[in-house]
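This is the structure, below, for whatever I ask next.
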Amino acid sequence: MFSGRTLESWCASHPLIRELVALQETTWFNPAVAPVAESLGDVGLTAADVADASARLARFASWIRRAFPETEGSGGIIESDVRPLPTLHALLGERYGLALGGSLWLKRDSHLPISGSIKARGGIYEVLKHAEDLALAGKLLALDDDYAVLDSDQARAFFGQYSMAVGSTGNLGLSIGIMGAALGFRVTVHMSADARQWKKDMLRSRGVTVIEYASDYGVAIAEGRKQAERDPACHFVDDENSVNLFLGYAVAAERLQEQLAQAGVAVDAQHPLFVYLPCGIGGAPGGVAFGLKLVYGDAVHCIFAEPTHSPCMLLGVHTGLHDAVCVQDFGIDNVTAADGLAVGQASGFVGKAMQRLVDGYYTVSDEEMYRLLALMERSEGVRLEPSALAGVPGIARVQGDQHGYLARAGLDSRAMAQATHLVWATGGSMVPADEMQAYLDKGRSLLAKD
């Protein structure tokens with residue numbers, strides 16, 4: 001057992017571990033959460049850093065429009081819509097036996113252009129940041145140029161001198177591979193055993209080198225790092241520690257603020273916003289949560305959702321060990337249908353930076369994600385991959401709170417009746433039809449047995 005301690009010893013000091021090891025669906029509200037005035041400084045980044053990232057994405061918009069015509073309607077800005085889920089909201093109340101107040105919404109990063117997942121945010125931003133740095137240094141580009149000039153054989157030949165590498169369970173690899181290849185980079189994606197075959201096939205069709213491993217995500221990312229260390233012209237996209245990935249994700253918050261305002265959704269102390277973010281290694285939900293706290297302060301409450309078989313962030317934050325511990329240390333297998341969340345060891349950077357900003361964590365079983373997948377499709381006509389459903393039970397976990405979290409946060413029944421609950425969907429729009437049908441069949445079968 002980890003650090004020479006027995007499982008019983010760990011459970012005695014951290015009773016929640018017993019539930020995690022038993023693969024029980026577990027909810028833990030963070031007692032260390034602090035007002036943003038005290039805790040934002042933990043991150044080491046500021047609103048100016050996020051604004052810089054947003055400006056860089058705007059500079060690239062003209063090139064993105066040319067390289068990816070599907071973004072023409074948004075002017076080359078990669079963004080997803082939000083939509084209410086009234087029918088699902090009612091069904092969840094029945095399913096969980098709770099009177100679920102407030103309103104339920106979906107943020108459809110599952111339908112982001114180009115790579116169809118939340119990873120399109122940070123992954124694509126990191127590629128563009130690296131490309132800009134190289135192009136400026138190589139005098140290929142000036143900051144006041146129209147970045148559409150990068151859509152040229154000259155630019156692709158320039159970027160072809162350089163390579164990129166990343167370790168991925170699938171979605172981050174898609175984002176890095178598709179965007180990197182479009183610019184002309186030589187890209188290698190190191191894929192873990194749980195990555196879906198269609199994601200590997202799509203990358204290879206874009207000219208990306210895919211290296212497959214029989215092991216999990218930890219091995220894939222370690223091998224990707226080794227490749228970059230051997231090649232001085234190779235940029236390694238470090239999902240565990242990348243500030244650029246984190247900032248790319250954080251840009252989502254200012255855009256969400258505008259979308260909710262346009263929809264007439266108020267967010268303040270008496271109209272709290274709860275955001276449920278599926279969590280793998282933690283970079284994407286961490287970055288989004290950081291951006292949300294910058295925008296909304298203490299009026300937003302961020303909850304991370306993980307599979308019962310891969311509760312790495314919950315385990316790391318709860319024990320205070322962060323990336324010094326992995327789920328396998330406690331005999332948890334890290335095998336889940338939620339492939340984008342199949343991570344055994346959380347990002348230490350995110351865990352430590354966000355440990356007083358993330359309000360809570362919970363786990364959800366694969367079977368429940370499949371059921372909710374089918375329920376989402378039946379009630380709202382939205383098709384998602386299993387990992388994208390991890391955020392759906394969040395509204396019930398918060399409103400069924402038996403841990404005193406709502407009282408601790410100063411949220412009374414009036415505020416909760418006016419709350420907005422937002423499920424952040426991670427992926428699904430690019431899933432092949434036959435695979436999506438298999439997901440739906442499994443979910444419908446499980447629902448029929450309830």
Side-chain angles (χ1 to χ4, degrees), residues 29-55 79 82 101-105 107 109 118 121-122 243 246-277 279 282-305 313 317 349-361 391 394-395 397-399 401 404-424:
F29 293 105
N30 182 6
V33 72
V36 295
E38 300 174 26
S39 51
L40 274 174
D42 297 350
V43 181
L45 298 166
T46 67
D49 295 309
V50 180
D52 178 62
S54 182
E79 194 45 73
V82 293
S103 61
L104 183 66
W105 290 72
K107 177 62 172 168
D109 272 11
I118 191 174
R121 295 188 180 281
V243 169
F246 189 83
L247 289 172
Y249 297 127
V251 169
E254 63 179 26
R255 298 176 179 176
L256 176 68
Q257 182 184 34
E258 183 177 339
Q259 290 175 324
L260 291 181
Q262 289 177 349
V265 176
V267 179
D268 54 39
Q270 283 304 307
H271 301 83
L273 172 64
F274 292 85
V275 182
Y276 307 105
L277 292 149
C279 178
V288 171
F290 172 63
L292 289 169
K293 293 288 185 175
L294 283 172
V295 168
Y296 290 117
D298 297 321
V300 66
H301 304 264
C302 300
I303 315 289
F304 285 9
M313 187 61 75
V317 175
F349 157 57
V350 174
K352 294 167 188 173
M354 300 295 294
Q355 62 187 337
R356 297 198 296 161
L357 286 163
V358 178
D359 296 84
Y361 306 80
I395 185 173
R397 302 297 180 92
V398 164
Q399 296 195 49
D401 170 36
Y405 164 66
L406 295 177
R408 205 164 63 236
L411 295 166
D412 57 21
S413 58
R414 180 180 176 185
M416 292 307 295
Q418 301 175 139
T420 300
H421 300 265
L422 183 75
V423 173
W424 209 285

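Nothing fancy with the numbering, it's 1 onward along the sequence.
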_Please determine whether side chain to side chain contact (heavy atoms under 4.5 Å, CB included) holds for the pair Val243 and Leu45, giving the CA-CA distance in whole Å, both sets of side-chain angles, and the decisive distance to 0.1 Å._
CA-CA 9 Å; Val243 169; Leu45 298 166; 3.8 Å; yes

*Please state whether the rings of His301 and Tyr405 are parallel, tilted or perpendicular, taking 30° and 60° as the class boundaries.*
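Taking Tyr405 first and then His301, their aromatic rings stand perpendicular (interplane angle over 60°).
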
*Check Val267 against Ala299 and note the closest heavy-atom contact, atom names and distance.*
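For Val267 and Ala299, the tightest heavy-atom pair comes out as CG1-CB, 4.0 Å.
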
*Would a 4.5 Å heavy-atom cut-off, applied to side chains only, mark Arg121 and Val251 as touching?*
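Arg121 does not reach Val251 side chain to side chain.
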
*For Met416 against Val398, the heavy-atom pair lying closest together*: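 Shortest heavy-atom separation between Met416 and Val398 comes out as CE-CG1, 4.0 Å.
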
*Could you tell me whether the side chain of Phe290 reaches within less than 4.5 Å of the side chain of Val350, counting heavy atoms only?*
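Counting from C-beta outward, Val350 and Phe290 never come under 4.5 Å.
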
*Considering only heavy atoms from C-beta outward, does the side chain of Val82 approach that of Val265 to under 4.5 Å?*
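No, too far: nothing below the 4.5 Å cut-off.
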
*Asp42 vs Met354 side-chain heavy atoms within contact, under 4.5 Å*: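 Side-chain contact under 4.5 Å: no.
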
*About how many Å separate CG of Asp268 and CG of Asp298, when rounded to the nearest 0.5 Å?*
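Reported to 0.5 Å precision, the distance equals 12.5 Å.
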
_Can you confirm whether more than 12 heavy atoms, excluding those of Glu258, are under 6.0 Å from its CD atom?_
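No - once you tally the heavy atoms of other residues, nucleotides and ligands closer than 6.0 Å, there are 12 at most.
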
_Any donor-acceptor N/O pair, Ser39 side chain to Ala34 backbone, under 3.5 Å_ =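 Side chain of Ser39 to backbone of Ala34: a pair is present.
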
*Would you check if Ile303 and Arg397 make a side-chain contact, meaning some heavy-atom pair closer than 4.5 Å?*
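Side chain of Ile303 against side chain of Arg397, heavy atoms only: no contact under 4.5 Å found.
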
*asked:* Please determine whether a side-chain nitrogen of the Lys or Arg among Asp359 and Arg408 lies less than 4.0 Å from a carboxylate oxygen of the Asp or Glu.
replied: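 Salt bridge: no.
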
*Would a distance-only check, ignoring hydrogens and angles, find a side-chain to backbone donor-acceptor pair under 3.5 Å from Gln418 to Gln270?*
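Looks like yes, one N/O pair under 3.5 Å.
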
*Short question: side chain of Arg356, backbone of Glu38 - any donor-acceptor pair under 3.5 Å?*
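It does hold such a pair.
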
*Closest non-hydrogen atom pair, Phe304 against Ala289*: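 Here Phe304 and Ala289 meet closest at CE1-CB, 4.3 Å.
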
*Would you please test Tyr249 and Leu277 for side chain to side chain contact (heavy atoms under 4.5 Å, CB included) and show each step?*
CA-CA 12 Å; Tyr249 297 127; Leu277 292 149; over 6 Å; no

*Could you walk me through whether Phe274 and Ile395 pass the side chain to side chain contact (heavy atoms under 4.5 Å, CB included) test, one step at a time?*
CA-CA 8 Å; Phe274 292 85; Ile395 185 173; over 6 Å; no

*Give me the one residue out of Val33, Asn30, Leu292 that meets side-chain contact (heavy atoms from CB on, under 4.5 Å) with Cys302.*
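Testing each of Val33, Asn30, Leu292 against Cys302, the sole residue satisfying side-chain contact (heavy atoms from CB on, under 4.5 Å) is Leu292.
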
*Check Ala252 against Trp424 and note the closest heavy-atom contact, atom names and distance.*
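Nearest pair, atom of Ala252 first, then Trp424: CB-CZ2, 3.9 Å.
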
*asked:* If I take atom CG from residue Asp109 and atom CD from residue Glu79, how far apart are they, to the nearest 0.5 angstrom?
replied: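 So the gap between those two atoms works out to 7.0 Å.
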
_Val43 versus Ala353, closest heavy-atom pair with distance_ =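 Shortest heavy-atom separation between Val43 and Ala353 comes out as CG2-O, 3.5 Å.
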
*Looking only at non-hydrogen atoms, find the nearest pair between Pro272 and Ala415 and report the distance.*
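In terms of heavy atoms, the two residues are closest at CD-O, 3.4 Å.
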
*State the CG-OG1 distance between Leu294 and Thr46, to the nearest 0.5 angstrom.*
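Here the rounded value is 8.0 Å.
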
_pair Ile118-Lys107: side-chain heavy atoms closer than 4.5 Å_ =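 Counting from C-beta outward, Ile118 and Lys107 never come under 4.5 Å.
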
